[in-house]
Engineer: 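Below is one structure. I have some questions about it.
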Amino acid sequence: VLRAGRRVTGVVDWEHGVIGGDPIRDLARFVVSYLLYLQSRVKQNNLDTRIQQALPLIDRSASGDLALALFNGWLAQGAASAQAWCLPLVCALADERLIPLLRQHIDDWTKNARGALAAKVVEAMAYIASDLALSEIQNLAERAKHSQVKAAAQKALTDAASQRNI
């Protein structure tokens with residue numbers, strides 16, 4: 001990935017470049033950077049369509065660790081709403097270990113005037129391929145007191161049902 005400051009200006013064709021360092025590690029770093037680049041261009045709280053197409057190629061037994069690292073990195077940077085674009089990607093890569101952490105932050109943010117951010121997290125949680133995630137979203141749709149969170153949970157359930165042909 002070529003950068004000028006914080007802007008991505010291009011991508012190097014790694015197959016025709018000079019290999020330096022560990023090719024597998026460098027390739028993995030390239031893939032993660034490219035996924036983040038694609039997701040950063042999405043304006044709504046959705047998953048990039050090219051990422052959706054690539055998900056079946058990703059080793060789901062290992063991607064949960066990456067999702068936790070990305071989420072914790074986002075939190076360490078202050079959990080800025082402007083960088084919440086990463087949440088659908090994080091959740092698409094996640095396993096069930098992320099769900100209690102997401103729920104804890106949703107509850108905290110609704111109590112601390114960050115309800116819009118909590119709603120984004122609820123919408124993103126639907127990308128976790130797990131019945132536990134849907135159960136948490138259903139619980140929020142039924143019991144959430146914050147109107148944005150409740151509406152986001154209801155929308156996430158509807159979207160998840162249509163994606164899974166339920």
Side-chain angles (χ1 to χ4, degrees), residues 1 3 6-11 28 30-60 62-110 114-142 144 146-166:
V1 177
R3 292 180 162 201
R6 299 187 99 186
R7 250 185 54 232
V8 174
T9 59
V11 178
F30 169 79
V31 170
V32 171
S33 295
Y34 190 60
L35 291 174
L36 288 168
Y37 169 76
L38 290 174
Q39 187 60 35
S40 72
R41 300 296 178 241
V42 176
K43 298 299 180 204
Q44 300 297 320
N45 196 27
N46 296 318
L47 189 63
D48 181 85
T49 55
R50 292 164 291 188
I51 294 174
Q52 288 176 350
Q53 294 167 352
L55 281 176
L57 304 173
I58 295 173
D59 180 3
R60 304 295 286 176
S63 66
D65 292 334
L66 174 60
L68 285 170
L70 291 172
F71 185 71
N72 287 326
W74 177 70
L75 288 174
Q77 296 293 318
S81 186
Q83 278 76 44
W85 53 262
C86 70
L87 294 173
L89 174 61
V90 167
C91 290
L93 296 172
D95 54 27
E96 290 187 347
R97 294 176 292 163
L98 186 62
I99 297 168
L101 189 59
L102 292 174
R103 181 59 192 256
Q104 174 189 350
H105 286 285
I106 290 166
D107 293 343
D108 290 346
W109 289 329
T110 54
R114 294 195 79 187
L117 181 60
K120 288 181 181 183
V121 175
V122 171
E123 290 174 8
M125 192 188 301
Y127 288 107
I128 300 175
S130 161
D131 290 340
L132 179 59
L134 290 179
S135 176
E136 285 293 332
I137 294 168
Q138 181 176 2
N139 182 277
L140 288 163
E142 293 171 356
H146 193 281
S147 61
Q148 279 181 293
V149 171
K150 188 176 199 101
Q154 291 167 344
K155 181 183 181 309
L157 281 176
T158 303
D159 292 348
S162 68
Q163 285 177 347
R164 296 171 187 189
N165 297 320
I166 299 174

Engineer: Does S135 use its side chain to pair, donor to acceptor, with the backbone of D131 at less than 3.5 Å?
Structural biologist: no
Engineer: Contact between V122 and K150 at the side-chain level, heavy atoms closer than 4.5 Å - yes or no?
Structural biologist: no
Engineer: Taking all non-hydrogen atoms of both residues, which atom of L93 and which atom of R60 are closest, and how far apart?
Structural biologist: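 Closest heavy-atom pair between L93 and R60: CA-NH1, 3.7 Å.
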Engineer: Would you compute the distance between atom CD1 of I137 and atom CD1 of I106 and round it to the nearest 0.5 angstrom?
Structural biologist: 8.0 Å
Engineer: What distance separates L70 CG from C91 SG, expressed to the nearest 0.5 Å?
Structural biologist: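 Spacing of CG (L70) from SG (C91) equals 10.5 Å.
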Engineer: Let me confirm one number: the NZ-CG distance from K120 to N45, rounded to the nearest 0.5 Å.
Structural biologist: 6.5 Å
Engineer: Where do A141 and A153 come nearest, in terms of heavy atoms and distance?
Structural biologist: N-CB, 3.5 Å
Engineer: Side chains of D95 and S130: closer than 4.5 Å at any heavy-atom pair?
Structural biologist: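 Side chain of D95 against side chain of S130, heavy atoms only: no contact under 4.5 Å found.
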Engineer: Report the distance from atom CG of L102 to atom CD of E136, rounding to the nearest 0.5 Å.
Structural biologist: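 One finds 9.5 Å between CG of L102 and CD of E136.
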Engineer: Search all heavy atoms of E123 against all heavy atoms of A156 and return the closest pair with its distance.
Structural biologist: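 Closest approach of E123 to A156, heavy atoms only: CA-CB, 4.3 Å.
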Engineer: Ignoring hydrogens, what is the shortest heavy-atom contact between A118 and W109? Give both atom names and the distance.
Structural biologist: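 Shortest heavy-atom separation between A118 and W109 comes out as CB-CB, 4.0 Å.
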Engineer: Using 4.0 Å as the upper bound for N to carboxylate O, is an ion pair formed by R114 and D108?
Structural biologist: no
Engineer: Could you tell me which non-hydrogen atom of Y127 sits nearest to which non-hydrogen atom of N46, and how far apart they are?
Structural biologist: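 Looking at all heavy atoms of both residues, the closest pair is OH-CA, 3.5 Å.
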Engineer: Measure the shortest side-chain to side-chain distance between H105 and V121 over non-hydrogen atoms and say whether it is less than 4.5 angstrom.
Structural biologist: no
Engineer: Of all the heavy-atom pairs spanning A144 and V149, show the shortest one and how long it is.
Structural biologist: CB-CG1, 3.9 Å
Engineer: Distance check, rounded to the nearest 0.5 Å: I51 atom CD1 versus L89 atom CG?
Structural biologist: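 Answer for the CD1-CG pair, I51 versus L89, is 5.0 Å.
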Engineer: In Å, rounded to the nearest 0.5 Å, how long is the span from OG1 of T158 to CD of Q154?
Structural biologist: 7.5 Å
Engineer: Is it the case that the side chain of Q138 and the backbone of A133 share a donor-acceptor pair, with hydrogens and angles ignored and the cut-off at 3.5 Å?
Structural biologist: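 Flag not set: sc Q138 to bb A133 has no pair under 3.5 Å.
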Engineer: I want to check something: taking the side chain as every heavy atom from C-beta on, are N72 and L101 in contact at a cut-off of under 4.5 Å?
Structural biologist: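 N72 vs L101: side chains touch.
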Engineer: I want to check something: taking the side chain as every heavy atom from C-beta on, are L134 and I128 in contact at a cut-off of under 4.5 Å?
Structural biologist: no
Engineer: Checking the side chain of W85 only, and the main-chain atoms of L36 only, is there a donor and an acceptor separated by less than 3.5 Å?
Structural biologist: no
